[in-house]
Amino acid sequence: MTMTNAVPPVTRFAPSPSGHLHVGGARTALFGWAFAKGRGGKFLIRIEDTDQKRSSDAASVGFLRDLEWLGIRWDEGPEFVAPDGTTVGGGPNGSYFQSERLDIYNRYCDQLVAEGKAYEAWETSEELDLLRKEATARKEAFRYHFRGPVTAEQRAQFVAEGREPVLRFRCAGTAVTIQDEVLGEATLPAGEVDDFVIRKKDGFPTYHFAVVVDDELMKVTHVLRAQEHFTNTAKHMLLQDALGFRRPVYGHLSIIKNPDDSKMSKRDKDKVLRKAVKERALTAPPAGTVSAEAWAKWINDDNVQLSLDDAISLAESLKVTLPEINVDDFRRSGYLPEVLCNFLALNGWSPGGDVEKFDNEFLKQRFGLDRVMKTPAKFDRLKLLSFNTDAITSMPADAFARRCREHAEQFRPEFIKRLGDAKFALLMIACQERSKTLDDPFKSNAFLLAEDSTLVFSDDKNVRKALGIGANPTDGGKTGLDHLRAMRGILAGVGDWSQTAIEAVTTAYCNEHAGAKIGSVAQPLRIGVAGSTVSPPIWDTLVLVGKASALARIDRCIAWAQAL
RNA sequence: GGCCCCAUCGUCUAGCCUGGUCUAGGACACCUCCCUUUCACGGAGGUAACGAGGGUUCGAAUCCCUCUGGGGUCACCA
């Protein structure tokens with residue numbers, strides 16, 4: 001029953017349908033992919049959509065896009081056309097949607113019934129709930145056991161009552177020893193596994209049954225899945241024995257947690273928003289964010305989640321940052337897929353020694369179950385950010401420009417429109433060494449999109465200091481505001497609006513009037529055109545803003561500052 | 001509560017299987033200093049961990065036991 005080592009492994013990622021890929025799922029997929037592909041095997045995807053309540057539509061496999069973006073491609077599974085035109089998926093063992101395999105499961109159910117290994121059970125959920133409550137009251141775990149054969153009359157009676165049967169597996173009741181490549185060996189004592197349901201009353205198989213049948217039929221050799229399935233493995237082993245199936249090798253992966261120890265969840269976004277709303281004591285949605293109906297539903301029920309678009313607009317309005325949870329969130333935030341993969345792999349696996357930066361190819365070559373951590377990891381976004389920063393700053397300039405542009409096309413189209421090609425290219429050059437993400441050039445330079453007449457000047461400590469508001473004149477008896485006034489005139493006379501020309505006239509001015517201290521002139525200029533003391537290098541910033549806008553903004557700034 | 005699993009710096013981890021070279025290494029974060037036209041980058045230092053208690057042993061982070069703490073599971077969800 002055990003696998004020979006000569007057989008190339010087949011692993012699978014088997015999520016329930018979802019529009020988004022959670023980072024925990026991404027890591028499971030990544031490990032499964034690396035394990036199989038590094039050993040000349042196959043990686044496949046199967047959709048576990050046997051719960052009709054979580055109905056499936058086109059968006060249900062949205063996570064395939066995220067997987068592809070990460071560089072994880074599947075040899076078998078749902079078909080998907082990648083952005084580069086290649087078709088991923090398909091394969092001889094379909095359908096890869098469990099909801100389309102009902103007749104297969106039924107065949108095996110029939111087999112078990114015929115062999116006396118499965119039987120109909122007629123209790124209603126209410127009756128079962130009652131039994132469970134009683135067990136809890138006795139401080140016992142509820143276990144369902146065979147209650148004797150049902151006669152033809154009883155059966156007719158149940159049907160007449162309108163009851164519908166489920167199919168339960170008749171469990172042997174022996175101790176089961178789970179062999180796990182990550183967690184080691186564990187023995188569940190006899191009686192721990194009860195006569196669990198294998199087919200629901202709606203005719204769909206339960207997870208346990210579908211998983212066992214499909215892993216057999218799809219020739220899966222290694223099952224890598226989340227640790228929450230660890231004890232379920234006993235059920236699956238019993239089923240495999242009853243059906244005469246092979247036994248795949250198991251490896252259970254620990255979960256990924258938030259830094260505060262809570263489980264990373266898609267609800268985390270709503271949590272942040274609810275907190276902000278509560279702090280501000282808001283009773284209605286800020287204008288232009290969430291619709292009144294959506295707001296009412298959301299505010300009255302903690303289980304309701306806002307749509308992604310609603311959440312984003314509300315977060316912007318409340319000036320809070322939503323935590324990235326899904327792969328797509330990280331993409332939107334400007335993380336590189338190769339960095340995400342690297343970091344994800346490092347949460348729960350390491351190649352040993354001091355190596356921690358590697359690509360998927362390396363992971364593929366080196367990944368093994370023996371070095372997978374047993375303990376849950378906390379997801380440290382700061383370290384991820386640091387990895388991303390390193391990758392971005394060490395990237396060739398043209399690669400950075402290209403990838404930023406792709407990012408902007410998708411998430412920041414307004415910058416492309418406003419800047420035009422030449423200035424967009426300049427922005428890339430000016431920003432690379434100070435960017436931590438592909439989104440930073442845009443996120444930190446919103447002033448580029450502002451209208452000259454509405455640019456907001458930030459009244460903060462740094463601004464006041466640079467402008468010399470409320471302080472004695474320095475540097476040659478002049479305040480920053482004085483410098484700005486003087487530079488306004490000088491800049492107006494610059495014909496060739498280029499970095500070198502601007503730098504030349506400014507340096508000349510500095511040498512004469514500011515004790516050669518560029519900062520005392522550059523900072524007021526920066527405030528003048530960007531509204532704050534932070535921007536890309538000043539000469540680049542001035543070119544980016546353009547001469548006419550720069551002068552208009554400086555004029556407004558001077559007027560604004562004088563009124564302070 | 002029953003059952004199962006786990007335990008190294010704040011965090012991710014190396015080391016553990018094959019006890020000594022570990023007064024425990026790296027990375028992120030943090031602190032100090034340097035660089036600097038802002039922000040960021042960068043450079044040089046620094047603080048910081050074997051959960052507790054018992055064994056075994058000449059010797060334990062490494063092996064054993066107990067405790068404590070954490071996690072998972074106990075659905076007609078996956």
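Residue numbering restarts at 1 for every chain, and letters A, B, ... go by the order of the sequence lines.
- Looking at heavy-atom distances under 4.0 Å, A/Lys201 makes contact with a base.
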Taking only N/O atoms, report every protein-nucleotides 69-74 of chain B pair under 3.5 Å with atom names and distance.
| from | atom 1 | to | atom 2 | distance (Å) |
| --- | --- | --- | --- | --- |
| B/C74 | O2' | A/Arg143 | NH2 | 2.8 |

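- Contacts of A/Ser535 with the nucleic acid, taken as non-hydrogen atoms under 4.0 Å apart, include base atoms.
- Judged by distance alone, with hydrogens and angles left aside, A/Lys383 brings no side-chain donor or acceptor close enough to the base of B/A29 to form a pair under 3.5 Å.
- Across every non-hydrogen atom of A/Asn360 and A/Leu70, the tightest pair is ND2-O, 3.5 Å.
- Listed nucleotides B/C3, B/C76, B/C41 differ in distance to A/Leu128; the shortest reach to its side chain belongs to B/C76.
- Between A/Phe442 and A/His407, the ring planes are parallel. Angles under 30° get that label, and only those over 60° would be called perpendicular.
- Between A/Thr50 and B/A78 there is a side-chain N or O to OP1 or OP2 distance below 4.0 Å.
- Side-chain nitrogen and oxygen atoms of A/Arg381 include none within less than 4.0 Å of the OP1 or OP2 phosphate oxygen of B/U11.
- Among the atoms of the strands shown, only primed sugar atoms or phosphate atoms (P, OP1, OP2) are found under 4.0 Å from some heavy atom of A/Val197.
- Residue-level contact check: A/Ser435 touches neither bases nor backbone, having no heavy atom under 4.0 Å from any strand.
- Note on A/Lys357: nothing from the nucleic acid sits closer than 4.0 angstrom, heavy atoms only.
- A/Arg366 forms no cation-pi arrangement with A/Phe358, by the criterion of a distance under 6.0 Å to the ring centre and an angle within 45° of the ring axis.
- Here A/Lys53 does not reach the OP1 or OP2 of B/A78: none of its side-chain N or O atoms lies under 4.0 Å away.
- At a threshold of 4.0 angstrom between heavy atoms, the contacts of A/Gly348 are confined to the sugar-phosphate backbone, with no base atom among them.
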Can you tabulate the close N/O pairs, meaning under 3.5 Å, that link protein atoms to atoms of nucleotides 15-17 of chain B?
| from | atom 1 | to | atom 2 | distance (Å) |
| --- | --- | --- | --- | --- |
| B/G15 | OP1 | A/Arg371 | NH1 | 3.0 |
| B/G15 | OP1 | A/Arg371 | NH2 | 3.3 |
| B/G15 | OP2 | A/Arg371 | NH2 | 3.4 |

